[in-house]
Number of protein chains: 2
Amino acid sequence: MTDSPQSPLWRSPVTSSDRLLLEMQRTIVEGEIASGSKISEPELARKFNVSRAPLREAMARLERCHLIERIPNAGARVVKLSTEGLRALYQIREELEGLACRLAAENMDEQEIEQLRGLLDQHLNTQRVREGESYYQEAGDLDFHYRIIIGSKNPYLINMLCDELYFLVRMYRVQLGMNGPRVSRAFDEHKAIINAIANRDGELADLLMRRHIAASRGNIELKLQQLGK
Amino acid sequence: MTDSPQSPLWRSPVTSSDRLLLEMQRTIVEGEIASGSKISEPELARKFNVSRAPLREAMARLERCHLIERIPNAGARVVKLSTEGLRALYQIREELEGLACRLAAENMDEQEIEQLRGLLDQHLNTQRVREGESYYQEAGDLDFHYRIIIGSKNPYLINMLCDELYFLVRMYRVQLGMNGPRVSRAFDEHKAIINAIANRDGELADLLMRRHIAASRGNIELKLQQLGK
DNA sequence: ACAAAACTTATTGTCGACAATTTATTTTTT
DNA sequence: AAAAAATAAATTGTCGACAATAAGTTTTGT
């Protein structure tokens, strides 16, 4: 129980179903397989040049991170994005990442905190160089959140957020094109959170992270409503 | 995304791996397969009279609810119970069930609340009849928590708590023999929580549930330390 | 006698084929 | 012609066998 080396995110993908999982996660998050479309096992098995055994194993893990939904004897579909789904997802995220911040303020060592600061500076630079490029912003933001979650040192929390929920979070952000004007504001919020953690003020870090995520949710929810649905 | 009919807890177990999952969950939680022992696929396949395909599917889902841990090409082991694990588990539980209470206060309809009250009365009776029988207390307590979680109406929350975390919770309680003197106190706490939900006071319900779970954790942690480890 | 390497054994991961179930199409009935 | 029943096609779930990897044992060398 000391650490959680189960998902292919934390170890190199040794087996064939590991590689499949990573590839399919990317494919679904990026929207290359349309949201809501049915998944044909024989078709995908041909496409990826594997048998159905590792494919089904990968699909079981895709279900685990809420990217597909399976019905026995009927098949699997890619999840549909919706405002209610986003709400439900971010309710959990607020709660769990708030907790992660509180625990990170207790459990992160000085070196980890310093690395976190470094990460923020680094992202500030790439952000200046590449104005408007949403990809870097996206990746940077995720790095930040991941490190804090890992800093909580709670294996279950790490597993739930990084291995399960975050793929859906990314899917919402990618498919709604998160290149908005929230860049610099998010940066300031990140900075404030780091300071709270460095001061070992878990309560404040918790509060700031909740607000940060709530703001992010509002942003995405707006986009979702603009797009008609 | 409206509801979550995926796990065999929410639909009747149609497939062979469904039945296997339910049986193995019970087996592990009750301790019939020793904590920490290795799981042999050929052996279990013979024991349950199935091929390895559905067995492996069931094992993938056992891993999801943290009852076993798998290492690629090396095999799977039943999880070991530990004080650190219990801590980590209950940290999450406090947070998520607190949230569940808050949401339940918003989203449960009058009928559900009434049923919840009925459940509590019913458990009071069986408890009086069968003094000291820990099984009924256990089942009753779980029923209570499950209903509130479902009352939150948040599919992700329901899935995470009922389908993933709660098996481990039960495993800790069962294997440490939770027949303690906390019976009547837990009953009063449950009553207070229901009242808060009925009054639509989500904040209070949240607080009371956190305390309730913290008390429960303290109880189990004590037992764990008594047993030497 | 101990350490390292080669070999043997056992377990896991993957494959192709078959059985069971669902979905789509055609046929029958009113 | 529309609805229902029967049939056909396709997809999912399961099986037994093989290949790849890891663990256990014996052999070899210093």
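Computed over heavy atoms, backbone and side chain alike; hydrogens, waters and symmetry mates excluded. The chains referred to below are lettered A, B, ... by the order of the sequence lines, with proteins before strands, and numbering in each begins at 1.
A heavy-atom distance below 4.5 Å is found between the side chains of B:Asp18 and B:Arg11. Under the 4.5 Å side-chain criterion, counting only non-hydrogen atoms from C-beta, B:Leu161 is not in contact with B:Tyr146. Side-chain contact between B:Trp10 and B:Ile150 is present, with heavy atoms from C-beta onward closer than 4.5 Å. A 4.5 Å side-chain heavy-atom check between B:Leu44 and B:Met24 finds at least one atom pair inside the cut-off.
Summary for the helix from C:dA1-D:dT30 to C:dT30-D:dA1: the axes at its two ends, each from 5 pairs, differ by 0° when rounded to the nearest 10 degrees.
Using a cutoff of 4.0 Å between basic side-chain nitrogens and carboxylate oxygens, B:Glu57 and A:Arg70 are scored as salt-bridged. For A:Arg102 and B:Glu95, the salt-bridge test passes: some basic side-chain N is under 4.0 Å from an acidic carboxylate O.
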Could you pull out every donor-acceptor pair under 3.5 Å between side chains of residues 30-39 of chain B and any protein atom, sequence neighbours left out?
residue	atom	partner	partner atom	Å
B:Glu32	OE2	B:Arg26	NH1	3.1
B:Ser35	OG	B:Val79	O	2.7
B:Ser37	OG	B:Ala34	O	2.7

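With hydrogens and angles disregarded, a donor-acceptor distance shorter than 3.5 Å links the side chain of B:Tyr172 to the backbone of B:Leu86. Between the B:Asn107 side chain and the B:Ser152 main chain, a donor and an acceptor come within less than 3.5 Å of each other. Between the side chain of B:Glu112 and the backbone N or O of B:Asp109, at least one donor-acceptor pair lies under 3.5 Å.
No hydrogens or angles considered: a donor-acceptor pair under 3.5 Å links the side chains of A:Arg61 and A:Ser17.
A search for side chain to side chain donor-acceptor pair (under 3.5 Å) contacts involving A:Arg117 returns A:Asn195, not counting sequence neighbours.
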Hey, what are the protein-to-nucleotides 5-7 of chain D N/O distances that come in under 3.5 Å?
none

Where do N or O atoms of nucleotides 5-7 of chain C meet protein N or O atoms at under 3.5 Å, pair by pair?
none

Could you run through nucleotides 10-16 of chain D and give me one letter per nucleotide, 5' to 3': B if any protein heavy atom sits under 4.0 Å from the base, S if only the sugar-phosphate is that close, - if neither? -SBBBB-
